[in-house]
Asker: 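One structure, as structure tokens, below. Some questions next.
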Amino acid sequence: MPRKDRSKSVATVAFPDPAWCQRFRRRLLTWFRGHARDLPWRRTRDPYAIWVSEIMLQQTQVATVIDYFQRFLDAFPTIADLADADQQQVLRQWEGLGYYRRARQMHQAAQLIVQQHDGRFPEDLQAIVALPGIGRYTAGAIMSIAWDVRAPILEANTIRLFCRLLAYREDPTRGEGQRILWALADHLLPRNHCGQFNQALMELGSEICSPRAPNCQQCPVRQLCPTRAAGLQDQIPIPSKKTVYEPLLEAALVVRRDGLVLLRHCGPDERWAGMWDFPRFTVRQPRGKAFAAEVVQRVAELTGQQVEVGEHLTTIKHGVTRYRITLVCHQARWIDGTADRDDLRWVATHQLEQVPLNVSSRKISRLIIEG
DNA sequence: AAGTCGGGGTG
DNA sequence: CACCCAGACTT
């Protein structure tokens with residue numbers, strides 16, 4: 001149990017004393033040497049590669065990122081390559097990852113680094129945080145992992161881990177909780193091996209101190225954990241408030257003609273800006289004749305074109321983005337020829353990979369082929 | 001402080 | 001289906 005040490009505490013929460021911290025660091029680092037997963041971004045100290053991995057890993061799970069990381073570095077091996085690339089090329093490497101603003105901001109940041117830092121990733125904290133898409137966590141991660149700078153981090157895994165190490169029963173996502181946990185991150189961080197230590201914290205949170213049913217038997221710091229001692233693993237951390245979403249029903253049309261598929265370019269102020277999407281709109285009915293009639297009318301309103309709507313085929317996603325969206329994909333055949341709009345384009349099926357889509361190419365090709 | 005981005009994985 | 005994920009940014 002952490003003893004009270006008021007001089008090193010924030011607000012009313014007692015931080016662990018020096019002896020506790022020493023044991024914690026030693027056990028964590030020893031455990032990490034034997035249990036660290038072999039992840040691609042752990043095989044390099046190149047700040048650019050680590051930067052790429054950290055941006056991709058923002059709100060995205062490790063298993064999802066691995067393939068994207070390799071392909072992205074193959075496509076853009078250096079900061080200069082990324083800066084020189086066309087934005088559509090960058091988005092194409094990102095398609096299916098989500099949070100596409102990350103890709104646009106990293107592209108922009110690469111150009112800033114070329115212009116302002118001679119193409120070398122800046123080593124100064126102020127300069128790093130000034131780059132678009134890099135906040136306090138990402139800056140700390142890059143600096144500690146690439147150069148072993150003593151910079152703390154706080155993210156999903158370590159928030160949960162720290163809540164349990166402090167038996168913290170307030171909402172850790174609120175301002176007070178964030179202030180306390182950032183202070184703890186700094187309090188625990190040793191002078192040396194900061195990159196290993198920060199990664200070990202995340203690894204422990206991810207692999208052992210999981211949200212539900214943490215594997216305390218395998219935990220290297222189980223004797224140091226007040227939450228385990230009290231048996232409160234399923235109550236700490238408490239769930240944070242969640243946004244309530246409006247239900248919204250959208251239809252996406254797979255409109256085909258002579259081996260071509262109709263796509264629409266999303267404008268700068270709408271969802272999936274800069275990406276290509278199937279013609280899509282909100283509907284009231286999820287299926288049936290009423291749905292078909294509604295689709296025909298909506299297409300006519302939006303494009304001035306007439307389509308025939310067949311039977312519904314596939315549900316490609318349920319529950320996306322800021323609204324709850326039930327997405328129903330229908331087959332249609334264009335009657336009046338190519339639309340007279342520059343945001344609509346017929347694309348050959350085998351050329352789909354040349355434009356960035358808002359879902360992964362794998363899912364699209366499956367949809368087209370099966371359709 | 002709350003809302004926005006968002007596809008994919010997990011139980 | 002509900003919940004979660006190596007967060008940052010805008011309002």
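Only heavy atoms go into these numbers, but all of them, side chains included; no hydrogens, no water, no symmetry mates. Labels below follow one simple rule: chain letters A, B, ... track the order of the sequence lines, proteins then strands, and each chain is numbered from 1. All of these numbers come straight from a predicted model, not from anything done at the bench.
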Asker: So, OP1 or OP2 of C:dC4: does either fall under 4.0 Å of a side-chain N or O from A:Arg160?
Answerer: no
Asker: Over how many whole Å does the gap from A:Leu357 atom CG to B:dG8 atom P extend?
Answerer: 12 Å
Asker: Applying side chain to side chain contact (heavy atoms under 4.5 Å, CB included) between A:Tyr168 and each of A:Ile159, A:Ile236, A:Ile180, report the one that passes.
Answerer: A:Ile180
Asker: Tell me, please, which residues at least two apart from A:Gln59 pass side chain to side chain donor-acceptor pair (under 3.5 Å).
Answerer: none
Asker: Check the interface with nucleotides 9-11 of chain C: list each N/O to N/O pair with the protein under 3.5 Å, or write none.
Answerer:
unit_1	atom_1	unit_2	atom_2	d
C:dC9	OP1	A:Gly133	N	2.4

Asker: Which part of the nucleic acid does A:Asn358 contact within heavy-atom distance under 4.0 Å: base, sugar-phosphate only, or nothing?
Answerer: sugar-phosphate
Asker: With a cut-off of less than 4.0 Å, is there a side-chain N or O of A:Lys242 near OP1 or OP2 of B:dA2?
Answerer: no
Asker: Can you name the residues that form a side chain to side chain donor-acceptor pair (under 3.5 Å) with A:His265, not counting sequence neighbours?
Answerer: A:Trp276
Asker: Without decimals, in angstroms, what is the distance between A:Tyr137 OH and C:dC5 P?
Answerer: 13 Å
Asker: Which side-chain hydrogen bond (donor to acceptor under 3.5 Å, both in side chains) pairs, counting each pair once, include a residue from residues 122-135 of chain A, with sequence neighbours left out?
Answerer: none
Asker: Looking across every strand, which nucleic acid part, if any, lies under 4.0 Å from A:Gly205 by heavy atom: base, sugar-phosphate, or nothing?
Answerer: nothing
Asker: Can you say whether a donor on the side chain of A:Tyr99 sits under 3.5 Å from an acceptor on the base of B:dG6, or the other way round?
Answerer: yes
Asker: On a whole-Å scale, what distance lies between the P atoms belonging to B:dG11 and C:dA6?
Answerer: 13 Å
Asker: To the nearest Å, how far apart are A:Trp51 CH2 and C:dA8 C1'?
Answerer: 14 Å
Asker: Would you kindly give the CD-to-P distance between A:Glu176 and B:dA1, to the nearest whole Å?
Answerer: 9 Å
Asker: Check the distance between C:dC3's P and A:Ile238's CD1 and give it to me in whole angstrom.
Answerer: 14 Å
Asker: Nearest whole angstrom, please: distance from the P of C:dA8 to the CE of A:Met106.
Answerer: 14 Å
Asker: Classify A:Trp41 by what it touches in the nucleic acid, base, sugar-phosphate, or nothing, heavy-atom distance under 4.0 Å.
Answerer: base
Asker: So which nucleotide from B:dG6, C:dA6, B:dA1 ends up closest to the side chain of A:Tyr100?
Answerer: B:dG6
Asker: Contact class for A:Ala156 (heavy atom, under 4.0 Å): base, sugar-phosphate, or nothing?
Answerer: sugar-phosphate
Asker: Specify the separation, in whole Å, of atom CG of A:Leu154 and atom C1' of C:dA8.
Answerer: 14 Å
Asker: Between C:dA8, B:dG6, B:dA2, which nucleotide gets closest to the side-chain atoms of A:Lys241?
Answerer: B:dA2
Asker: Are A:Leu82 and A:Val65 connected, step by step, through hydrophobic side chains (Ile, Leu, Val, Met, Phe, Trp, Tyr) whose heavy atoms are closer than 4.5 Å?
Answerer: yes
Asker: Look at all strands and tell whether A:Arg136 reaches a base, only sugar-phosphate, or nothing, counting heavy atoms closer than 4.0 Å.
Answerer: sugar-phosphate
Asker: Atom CD1 of A:Ile159 to atom P of C:dA8: distance rounded to whole Å?
Answerer: 10 Å
Asker: I'd like the P distance from B:dG6 over to C:dT11, given in whole Å.
Answerer: 15 Å
Asker: Let's see if you can work this out: which of C:dG7, C:dA6, B:dA2 has an atom nearest to the side-chain heavy atoms of A:Thr138?
Answerer: C:dG7
Asker: Where along residues 61-71 of chain A does a heavy atom come under 4.0 Å from DNA chain C, residue by residue in number order?
Answerer: A:Gln61, A:Val62
Asker: If two hydrophobic side chains count as joined below 4.5 Å and joins carry through other members, does A:Val90 share a cluster with A:Tyr100?
Answerer: yes
Asker: Taking the side chain of A:Met202 as its heavy atoms from C-beta onward, which of C:dA6, C:dG7, C:dC4 lies nearest to it?
Answerer: C:dA6
Asker: Going through the checks in order, is the side-chain hydrogen bond (donor to acceptor under 3.5 Å, both in side chains) test met by A:Glu155 and A:Asn157?
Answerer: CA-CA 6 Å; A:Glu155 46 73 67; A:Asn157 292 307; 3.2 Å; yes
Asker: Decide whether A:Gln58 and A:Thr138 meet the rule of one side-chain donor and one side-chain acceptor closer than 3.5 Å.
Answerer: yes
Asker: Name the residue closer to the 5' end of DNA chain B, choosing between A:Arg212 and A:Gly98 according to the nucleotide with the nearest heavy atom.
Answerer: A:Gly98
Asker: Give a yes or no on this: more than 12 heavy atoms of other residues, nucleotides or ligands lie within 6.0 Å of atom CZ of A:Arg71.
Answerer: yes
Asker: Sorted by first residue and then second, give each ring pair (Phe, Tyr, Trp, His ring centres under 6.0 Å) pair with at least one member in residues 42-72 of chain A; sequence neighbours left out.
Answerer: A:Trp41-A:Phe69, A:Trp51-A:Phe121, A:Phe72-A:Phe76, A:Phe72-A:Trp94
Asker: Tell me whether the count of non-hydrogen atoms from other residues, nucleotides or ligands lying under 6.0 Å of CZ in A:Arg191 goes above 12.
Answerer: no
